[in-house]
Amino acid sequence: GAVVSQHPSRVICKSGTSVKIECRSLDFQATTMFWYRQFPKQSLMLMATSNEGSKATYEQGVEKDKFLINHASLTLSTLTVTSAHPEDSSFYICSAVRDSYSGANVLTFGAGSRLTVL
Amino acid sequence: EDKVVQSPLSLVVHEGDTVTLNCSYEVTNFRSLLWYKQEKKAPTFLFMLTSSGIEKKSGRLSSILDKKELSSILNITATQTGDSAIYLCAVGAVRFGAGTRLTVKP
């Protein structure tokens, strides 16, 4: 079945540093990937839509200069949290569009990355 | 603005009980409604619903879409402790509801 690999699963960094999270579709090509943020006991909040070969589309309120997204190939999207601060600590999840049926898309999720900024 | 609302937000039941989770939506261009189960990490896919009135089943879980009422329900019968999770409803693949946290006690 379709698998999305997300790495790293956990990362701890110092305030002011940048952290890169990778999202790979292992056995399918994904022209579109999504990045979410999830706070404890809350639902997924869509941050941005990552499109292969073009600029990401950010949701309202998400700083594009802080959360850099690159989708350089059909199997890889990266999220870089730049100049991380403690308030950026969160669970970040990516997903990739796996199937398209009658225009409906099913997502396959990565396992998530827990970022802790000290 | 697209909206997905789930209820209840939290539910505690005992093993063997049957539960019904609700999802209502307001979206401009509806194509599908999806249910996911999230345990400790990322959500896993349960059902995709595109047609009204057709029940999808997988073991003890079932779901149905009502396009007239702009809603869907997810039923779990004979609940087990392993069903404890957050159940997420999504419309258009990216608009998620707040989720229902289900706790099944032994």
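Note that the structure is predicted; figures quoted are calculated from it, not measured. Here is the naming used below: chain letters follow the sequence lines, and residue numbers restart at 1 for every chain.
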ask   = Can you check salt bridge (charged side-chain N to carboxylate O under 4.0 Å, His left out) on A/Glu22 and A/Arg24, steps first, answer last?
value = CA-CA 7 Å; A/Glu22 290 188 348; A/Arg24 290 180 187 274; 3.5 Å; yes
query = If Ile, Leu, Val, Met, Phe, Trp and Tyr residues are connected whenever their side-chain heavy atoms lie under 4.5 Å apart, and connections chain through other members, are B/Ile64 and B/Leu46 in the same group?
reply = no
key: A/Leu46, part contacting chain B, at a heavy-atom distance under 4.5 Å   = side chain
task = With a 4.5 Å cut-off on heavy-atom pairs, point out which of A/Ser9, A/Ala111, A/Gly110, A/Cys94 contacts chain B the most.
result = A/Ala111
message = What part of A/Gln60 gets within 4.5 angstrom of chain B, counting heavy atoms only: side chain, backbone, both, or neither?
response = neither
request  = Take A/Gln38 and B/Gln38 through the side-chain hydrogen bond (donor to acceptor under 3.5 Å, both in side chains) test and state the conclusion after the steps.
outcome  = CA-CA 12 Å; A/Gln38 187 174 34; B/Gln38 185 177 23; 2.8 Å; yes
query = Relative to the ring of B/Tyr36, is the ring of B/Phe96 parallel (under 30°), tilted (30 to 60°) or perpendicular (over 60°)?
reply = tilted
ask   = Relative to chain A, which of B/Pro43, B/Gly97, B/Ser10 shows the most heavy atom pairs under 4.5 Å?
value = B/Pro43
